[in-house]
Amino acid sequence: MMVRVRSLLSFGLLLALFEARPAYATIDYTVSVAHPERHIFSVTMRVPNVRNSLTLQMPAWNALYQIRDFSSHIMQVQARDEENHALPLVKLDKQTWQVTGDGTVTITYPIYWDEAGPFASQLNPDHAFLNLAMILLYVPDRRSEDTRLKFDGVPDSWRIAVELDSAAMSAGNATGAYTAPSYNALVDAPVEIGAFDEFRIEAGGRPIRVVVHGDAGDHAKLSDMLKRIVDYQVSLMGGAPFREYLFVFHVGPNFGGGGMEHSYSTTISVDVPAQLPSYSAHEFFHAWNVKRIRPQSLEPVEYTKEMWTKSLWFAEGVTNTYGSYTLVRTGLWSAQQFYGNLASQINELESRPAHRWQSAEQSSLDAWYEKYPLYTRPEESISYYNKGQLLGVALDITIRDRTGNRASLDDMLRTLNTEYAQQGRYYDDSEGLRAVAENVIRKNAPDADADLKSFFDQYVSGTAEIPFSSILERAGLSLRDTTQHRASLGFVINRDPGGALTVAALEQESAASHSGLSEGDILLSINGQEVPRAPDRWLRDHQPDERVTLRVRRTGEELEFSFPLGRVTDATYQINELPSATEKQRRIRDGILHGTTSPLK
């Protein structure tokens, strides 16, 4: 029917309809790495079908939830038309330019990067690593158009590793062209270029490509570790959401630390190979959680400003839960290592005073402050990774307990995958997650109490103390508290370049601060005696609340301050298996360790 109607249209009407369609074409990028010693990527961008003007932007953030203003690395932007004539170009703000012109517009600019790590970009004589959102401009209203990326100036001994479709490969070296269906898809594919080591494995029913810059140790051990992780997680989630996956490892003391997830790859930087399993288990699980199972608050991606979300405790923290679950369930960790890690997470949360007032959801919202050293202090913030991991375990035990171990957190993740990720839907930050967890309970235990409102209100959006002892007991585990308290000055004693001992890192709410002491004060004496050269050893001989008197010099004047010593809590916990656990407790414990459900008959 459609063919018949179109055959009756006049040529003029067809032409008018064609011209009325929005421009849709391929935006081309060429990145030259010809001068690695200068740390400058030379970028050429070609934008077709420009009418009158063209707006260009550089992302202000990517990879980390931090505004990092990548445009500060661009030194000069120029634009030319198809006849190579310079076009008028005006910078509108710190990350936006406007070009006046028509047809195909060519933009060129150099951009400097020499920062190691998975959250940065680097070009040096050893290699090139590109997080493309830190390097490539985009057209704000044409981000959905096809893109093509080509590399120039690649040394003969270097190769390219990127998880994008290959458009063409030139003979003689690895210089090639790659395509992506949109800017978002393009910049979600990190690029490693260099004389790296490479091998492939089959895991999870898919080809897995492994690229190593540095020394990751024995390939057989690395392959075995990755195969266990990939096989388990793909099986857990009911199949791989990709046709191929790329691990890029930077191993060595000069690469920084951390991992960054992408839809079809991950980049991980570690000091030593022993750190690779925990990072790999965490980052690979992101192929589902956050890359496809996503909160509505992170869609659509907005590169120019913060994207506030309350769900990082789930997107990152529960991914931590599954990192630890994967390691113990695949035998890469023993049960004791799993318990030790879980205890250390409790130690971490309890040792941060901010856990009394900052919730998991608020910590998620405040992620954008993490670039500020003040914010990361224990009295200022908690980690959504840390509390989120603990909430994941607590929620798992709660679901297992209420359903008689018929269901678990695994079922919640699988439900999110099938009902949201695979349907192209995004969950509501708070209520959506709770609703899925409650539905899992109802489906598997219709007569059970499925109401999790109190759990989420108290421990996710609220700051009530998580009752770790009673929760772990339901899984046949005991929590032993060996916490100790010691005296604290409320500040750090620092030695300045001239040799003077000064007050530094003064805690704002400490008794020392309230007494009037200030950072930078030069310490002259404590209790009338010489300032101790080993403050920690001196404090071991004193008790919290014991009064001390400090004499200091400030701008030439000698002052005296008296205050009680503060109290520092060294939270230390141990987790052990209850020898007298009931059958239900044992089944829940075994279910956590092995990823199984086995209800009582």
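Computed from a prediction, not measured in an experiment: that's the story for all the values here.
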Determine, step by step, whether L374 and T376 satisfy the side chain to side chain contact (heavy atoms under 4.5 Å, CB included) criterion, reporting the C-alpha distance in whole Å, the side-chain angles of both residues, the deciding distance to 0.1 Å, and the verdict. CA-CA 6 Å; L374 177 66; T376 60; over 6 Å; no

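- Side-chain contact check for S121 and E115: no donor-acceptor pair (N or O, by modelled atom type) lies under 3.5 Å.
- At least one side-chain heavy atom of T482 sits under 4.5 Å from a side-chain heavy atom of R480.
- Taking the six-membered ring for Trp and thresholds of 30 and 60 degrees, H286 and H282 have ring planes more than 60 degrees apart, a perpendicular arrangement.
- Atoms CG and CG, on N62 and L132 in that order, are 9.0 Å from each other to the nearest 0.5 Å.
- With ring centers used as reference points, F255 lies under 6.0 Å from H213.
- E465 CD to Q458 CD: the interatomic distance, rounded to the nearest 0.5 Å, is 11.5 Å.
- Of all heavy-atom pairs between S513 and E507, the closest is CB-O, 3.2 Å.
- Atom-to-atom distance recorded for R402:CZ and I441:CD1 is 5.5 Å, nearest 0.5 angstrom.
- Take Y245 and apply the side-chain hydrogen bond (donor to acceptor under 3.5 Å, both in side chains) test, not counting sequence neighbours, and it matches no residue.
- Between the side chains of T572 and N347, no donor N or O sits under 3.5 Å from an acceptor N or O.
- No option in L416, N289, I293 other than I293 meets the side chain to side chain contact (heavy atoms under 4.5 Å, CB included) test with M237.
- Between the CG atom in L539 and the CG atom in L565 there is a gap of 6.5 Å [rounded to 0.5 Å].
- Using modelled atom types and a 3.5 Å distance limit, the side chains of R587 and N405 yield no donor-acceptor pair.
- No more than 12 heavy atoms of other residues, nucleotides or ligands lie within 6.0 Å of CZ in R537, so this atom counts as exposed by the packing criterion.
- You'll find the ring centres of H514 and F563 outside the 6.0 Å limit.
- Between A512 and F491, the closest heavy-atom pair is CB-CD2, 4.0 Å.
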What do the steps show when you test E302 against T304 for side chain to side chain donor-acceptor pair (under 3.5 Å), and what is the final call? CA-CA 6 Å; E302 171 55 72; T304 63; 2.4 Å; yes

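- Under 3.5 Å, the side chains of T403 and N444 contain no donor-acceptor pair of N or O atoms.
- One finds a salt bridge joining E583 and R586 here, because a Lys/Arg side-chain nitrogen approaches an Asp/Glu carboxylate oxygen to under 4.0 Å.
- At least one side-chain heavy atom of M225 sits under 4.5 Å from a side-chain heavy atom of L332.
- Within a 6.0 Å radius of OH in Y369, no more than 12 heavy atoms belonging to other residues, nucleotides or ligands are found.
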Dump the intermediate steps for side chain to side chain donor-acceptor pair (under 3.5 Å) on Q358 and D366, then the final yes or no. CA-CA 10 Å; Q358 188 183 47; D366 291 345; 3.2 Å; yes

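- Annotation: the span from Q389 atom CD to L342 atom CG amounts to 7.0 Å, rounded to 0.5 Å.
- Between E299 and R294 there is a salt bridge, with a side-chain nitrogen of the basic residue lying less than 4.0 Å from a carboxylate oxygen of the acidic one.
- For the pair R434 and F314, the NZ or CZ position fails the cation-pi test of under 6.0 Å to the six-membered ring centre and within 45 degrees of the ring normal.
- Around atom OH of Y372, no more than 12 heavy atoms belonging to other residues, nucleotides or ligands sit under 6.0 Å away.
- D224 pairs in a salt bridge (charged side-chain N to carboxylate O under 4.0 Å, His left out) with only one of the listed residues (K221, K227, R228), which is R228.
- Not counting sequence neighbours, E419 has no partner by the side-chain hydrogen bond (donor to acceptor under 3.5 Å, both in side chains) test.
- A heavy-atom distance below 4.5 Å is not found between the side chains of R209 and F247.
- Inspection of the R414 and N417 side chains reveals no N or O donor paired with an N or O acceptor under 3.5 Å.
- At a cut-off of 3.5 Å, with distance as the only test, no side-chain donor of D428 or Q296 sits close to an acceptor on the other residue.
- D411 and S408 get closest at one heavy-atom pair: OD2-N, 2.8 Å.
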What do the steps show when you test I493 against V503 for side chain to side chain contact (heavy atoms under 4.5 Å, CB included), and what is the final call? CA-CA 5 Å; I493 298 177; V503 174; over 6 Å; no

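- Under the 4.5 Å side-chain criterion, counting only non-hydrogen atoms from C-beta, W313 is in contact with V318.
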Do Y322 and D410 pass the side chain to side chain donor-acceptor pair (under 3.5 Å) test, and can you show the C-alpha distance, the side-chain angles, and the key distance before you say yes or no? CA-CA 9 Å; Y322 276 93; D410 299 350; 2.6 Å; yes

What's the verdict on side chain to side chain contact (heavy atoms under 4.5 Å, CB included) for F249 and T267, showing C-alpha distance, side-chain angles and the deciding distance? CA-CA 6 Å; F249 294 126; T267 305; over 6 Å; no

Could you go through N320 and Y325, starting from their C-alpha distance and side-chain angles, then the distance that decides it, and tell me whether this counts as side chain to side chain donor-acceptor pair (under 3.5 Å)? CA-CA 9 Å; N320 253 9; Y325 278 2; over 6 Å; no

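- Using a 4.5 Å heavy-atom cutoff, the side chains of L226 and S280 are in contact.
- Taking the six-membered ring for Trp, F284 and W288 have ring centres closer than 6.0 Å.
- In this structure the side chain of E577 reaches within 4.5 angstrom of the side chain of L477, judged on heavy atoms.
- Taking 4.0 Å as the cut-off between side-chain N and carboxylate O, D536 and R540 do not count as a salt-bridged pair.
- For the pair W61/E306, no side-chain contact is recorded, criterion being any heavy-atom separation below 4.5 Å from C-beta on.
- The CG atom of L472 sits 9.5 Å away from atom CG of L578, with the distance rounded to the nearest 0.5 Å.
- Around NZ of K371, the count of heavy atoms belonging to other residues, nucleotides or ligands within 6.0 Å exceeds 12.
- Between I592 and I397, some side-chain heavy-atom pair lies under the 4.5 Å cut-off.
- Of all heavy-atom pairs spanning G117 and S269, the tightest one is CA-OG, 3.8 Å.
- Closest approach of T596 to D590, counting heavy atoms only: OG1-O, 4.0 Å.
- Contacts of Y339 classified as ring-ring contact (aromatic ring centres under 6.0 Å, His included), with partners at least two apart in sequence or in another chain: none.
- In this structure, A216 and L276 approach most closely via the heavy-atom pair CB-CD1, 4.1 Å.
- A distance of 6.0 Å or more separates the ring centres of Y264 and F242.
- In this model, no donor atom of one side chain and acceptor atom of the other lie less than 3.5 Å apart for R400 and T597.
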How far apart are the C-alpha atoms of S461 and F456, what are their side-chain angles, what is the distance that settles it, and do they pass the side chain to side chain contact (heavy atoms under 4.5 Å, CB included) test? CA-CA 6 Å; S461 58; F456 277 78; 5.6 Å; no

